[in-house]
Amino acid sequence: MTEDPRSTADPRRRTVAAALAGLALAVLLLTALSLSIGAGEVGPGGVLDYLLGRDGARDNARLSLVVGDLRLPRTLTALLVGAALGVAGCLLQAVTRNPLAETGLLGVNAGASLGVVAGIALLGFDSGYAYLVCAFVGAVVASGLVLLISGRRGGGSPMRLVLAGAALGATFGGLTSVIVVNSAETYDRFRFWVLGSLAGVEGFGELGRLAPVLALGFLVALLVARPLSALALGDDLARSLGHRPPVIRTVVAIGVTLLTAAAVALAGPISFLGLLAGFLARALAGTRLAARILLAGLIGACVLTVSDIAARVVSRPFEAPVSVIVALIGAPVLIAIVRSKQLASMGMTEPATEERAPDRPRRLRITVPRPARRTRKAKTLRVRPADTLVLRRGPLSLLVTRRAALAALALAGALLLAVVLSAYAGQSEMGVGRTFRAVLGQGDRFDVLLVQKFRLGRIVAGLTAGAALGLAGCLTQTLARNRLATPELLGVNDGATAAVLLSVTLSATGSFGAWWAGPLGALAAVIVVTTVSGGLGQRGYRVLVVGLAMSALASAITQVVLSRRSLSSAGSLYVWTSGSLNGRSYSVAVPVLIGLAVLVPVALVVARHLGVLRFDDATASSLGSAPGRVRALSLLLAVALAGLAVGICGPVGFVALASPVIASRLAGPLRVPLVGSMLTGAVLVVAADTLGRIALDGAELPVGIVTTVLGGPFLLWVLLGRSAATRV
């Protein structure tokens, strides 16, 4: 006797219907609450009189200003922007088949930020309507480039769409930072806009101009729901049903762009809301896409309206940034959903991994060839791999891979060249001969002071930070078996950055030098992530979700700290949060050198077991490794190294990602390139710092901005090239 499928579908339908009804009621209640709360002394009675036109309330100038020109447009904007971000997040998660996808993946937020900054710095715009136009144009241009690149290089596949968006988003973000760090006035305006706010909404002018764009985006979402549901079954099956997957993905991307660009133009780049709304909608509605879209829109509208109301009352008479409130509200909710025991029954399943099911472990077969019958001397087998060399010294022996050794020598030579160029290059005109004499303490006193105290100390700090980032990235990528994995996924960078900024804020002198706060913040972030997610092991999905939530909370703290400080102080701290070696010297490099002296030998010992972890846990255990212990130790090493690096130079982007990829291509894919990753990271940081000092005449670009601007094209080259087509 078979079970009627309707018996299992009815509870889900009832759950979805109840959720829709509850959210619709919540929207009405929140709308009434938003209209009743504000700086003006106008209560619910006055608002109701104005809306109903009773007792000549429409002729009251004060009521018309407070309700008609301020609260009503602001409330409608919050509802529409929240719904737009929620629907956009749901569509993006469906088309990429990734419940962790966020609206910023298409480069919309980065493009909008670049448009606003360019409008302020280059065109002199200073009005809200001008910001709106610049934000919308920048967002549309960024998404158009993402669609063009992903379509030409990858046929519009979900992975190519996400990678192209991440790469171009990083590049646009770096270009935004280039403009901001060289203009204090631009940064002063940008640092408040980037927090996201609805405080500047006055009247229906801006909302009326973008209402057609929002309507078109919502219409696209409704029309694409059915073909996108077919696409979830696979491209082949979708084609058999008469759909064209590339066209569907392009239409979805256009709809997401319209919704997100209009939302960013109206309220600024409010991140995390699309991820939260789409994730919760999937948890409630499962695979029913039409219901998920409706739920995501209602959830987004509710969350943003609640956040806007809270932003008005938590710090009266001032207003808190609405994006910070969204992170503070959404992150705990997202973590609670992830930890729920009913997660599997809600339709949220772990993503497919490379490992096989537990009931079908992968077996390791070792075939030993039989020796020839007539050859008695063939008692041992030659197990030394090809392209290797054995170095012996008494009872000790070392197996060296020729390719890896040559790659290490080449990287060491490149590092030496980068150090020489960094010591020579700068704003002062100093020849090579004078530079070398100054390194040795000879020549002009000013030259000796400049080279030995400032440049060499900065070079040593860059070397240590780059080596730490490269090694941390190698450990993380090997541990996760993913070339896109970095310590940032666990909230390490954001946690370390927030901890350093908090130490500066709480310091009695306000001086900036608390490098030790970086490792402490990174460790605290990872402890929270692993504890809340239930540990590493087979819970990688939970770790990623909680890591994203932790990053959102830490980033919110960073934004609040920067917005509360004076312009000069915030400007210098913003440069550091972009990744900078300015002012760094031996005093901060020595602790990291001591840390590397302790951690690198441990990492080299762990390297053998890391190589075994590339197989599944059963195979690793059969070869004498303890997967759980190795993962925990590798994670602690990566966290400590990344935290030390952030304590020196701030969150320098793409070094932890690029260093293992480059080192692996040089040394070969069969080894864990720990030494090569360290050397590569050191080369990248020193070279980027040198380029930042000489790129602009009379100005200096922080090293993190240089690596971010160049890291986007590098990511495209590595992950969207033909050679990577079969590896991603």
Side-chain angles (χ1 to χ4, degrees), residues 22-23 25-51 57 60 62-83 85-86 128 191-204 206-207 263 266-273 276-277 280 298-334 336 498 502 505 549 552-565:
L23 288 171
L25 180 60
V27 167
L28 294 177
L29 294 177
L30 290 172
T31 300
L33 186 62
S34 178
L35 292 174
S36 304
I37 294 178
E41 297 179 359
V42 177
V47 173
L48 188 61
D49 290 339
Y50 177 84
L51 294 178
N60 189 318
R62 185 163 173 268
L63 283 178
S64 297
L65 174 63
V66 174
V67 181
D69 295 338
L70 296 178
R71 292 186 186 176
L72 187 58
R74 179 168 181 166
T75 301
L76 292 178
T77 302
L79 293 173
L80 290 176
V81 168
L85 292 176
R191 64 171 173 159
F192 295 105
W193 178 85
V194 78
L195 291 176
S197 177
L198 294 166
V201 177
E202 296 181 2
F204 293 94
E206 296 180 354
L207 181 60
L266 287 170
I270 301 176
S271 58
F272 194 67
L273 182 56
L276 175 65
L280 294 181
L298 292 174
I299 292 172
C302 289
V303 172
L304 187 57
T305 306
V306 169
S307 301
D308 184 47
I309 295 172
R312 304 180 214 172
V313 300
V314 294
S315 59
R316 283 183 174 179
F318 305 102
E319 285 199 15
V322 68
S323 62
V324 175
I325 304 297
V326 169
L328 293 176
I329 293 176
V333 173
L334 188 61
L502 285 177
T505 303
L553 288 173
S555 179
I557 294 173
T558 300
Q559 291 172 356
V560 170
V561 171
L562 292 178
S563 65
R564 297 299 184 186
R565 299 184 71 89

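In this text the structure is predicted, and so the values were computed from the model without any measurement. Along the sequence shown, residues carry numbers from 1.
Val27 is linked by a side-chain contact (heavy atoms from CB on, under 4.5 Å) to Thr31, Leu79, Leu298, Cys302, counting only residues two or more places apart in sequence or in another chain. For Leu29, the side-chain contact (heavy atoms from CB on, under 4.5 Å) criterion is met by Leu25, not counting sequence neighbours. For Ser34, the side-chain hydrogen bond (donor to acceptor under 3.5 Å, both in side chains) partners at least two apart in sequence or on another chain are Thr75, Arg312.
Closest non-hydrogen pair, Gly300 versus Ala277, comes out as N-CB, 4.0 Å. For the residue pair Ala554 and Ala498, the shortest heavy atom distance occurs at O-CB, 3.7 Å. Pairing each heavy atom of Ser36 with each of Ala32, the nearest pair is OG-O, 2.8 Å. In this structure, Ala267 and Ile270 approach most closely via the heavy-atom pair CB-CD1, 3.8 Å. Minimum interatomic distance between Ser307 and Val322 (heavy atoms only, all atoms of both residues): CB-CG2, 3.8 Å.
To the nearest 0.5 Å, atoms CG (Leu198) and OG1 (Thr77) are separated by 6.5 Å. The distance from the CG atom of Leu304 to the CD1 atom of Ile299 is 13.5 Å, given to the nearest 0.5 Å. How far CD1 of Ile309 is from CZ of Arg74: 9.5 Å, rounded to the nearest 0.5 Å. Taking CG of Leu76 as the start and CZ of Phe204 as the end, the distance is 5.5 Å to the nearest 0.5 Å. Taking CD1 of Ile329 as the reference point, atom CZ of Phe272 lies at 11.0 Å (rounded to 0.5 Å). For the atom pair CG of Asp308 and CG of Leu30, the computed distance is 10.5 Å after rounding to the nearest 0.5 Å.
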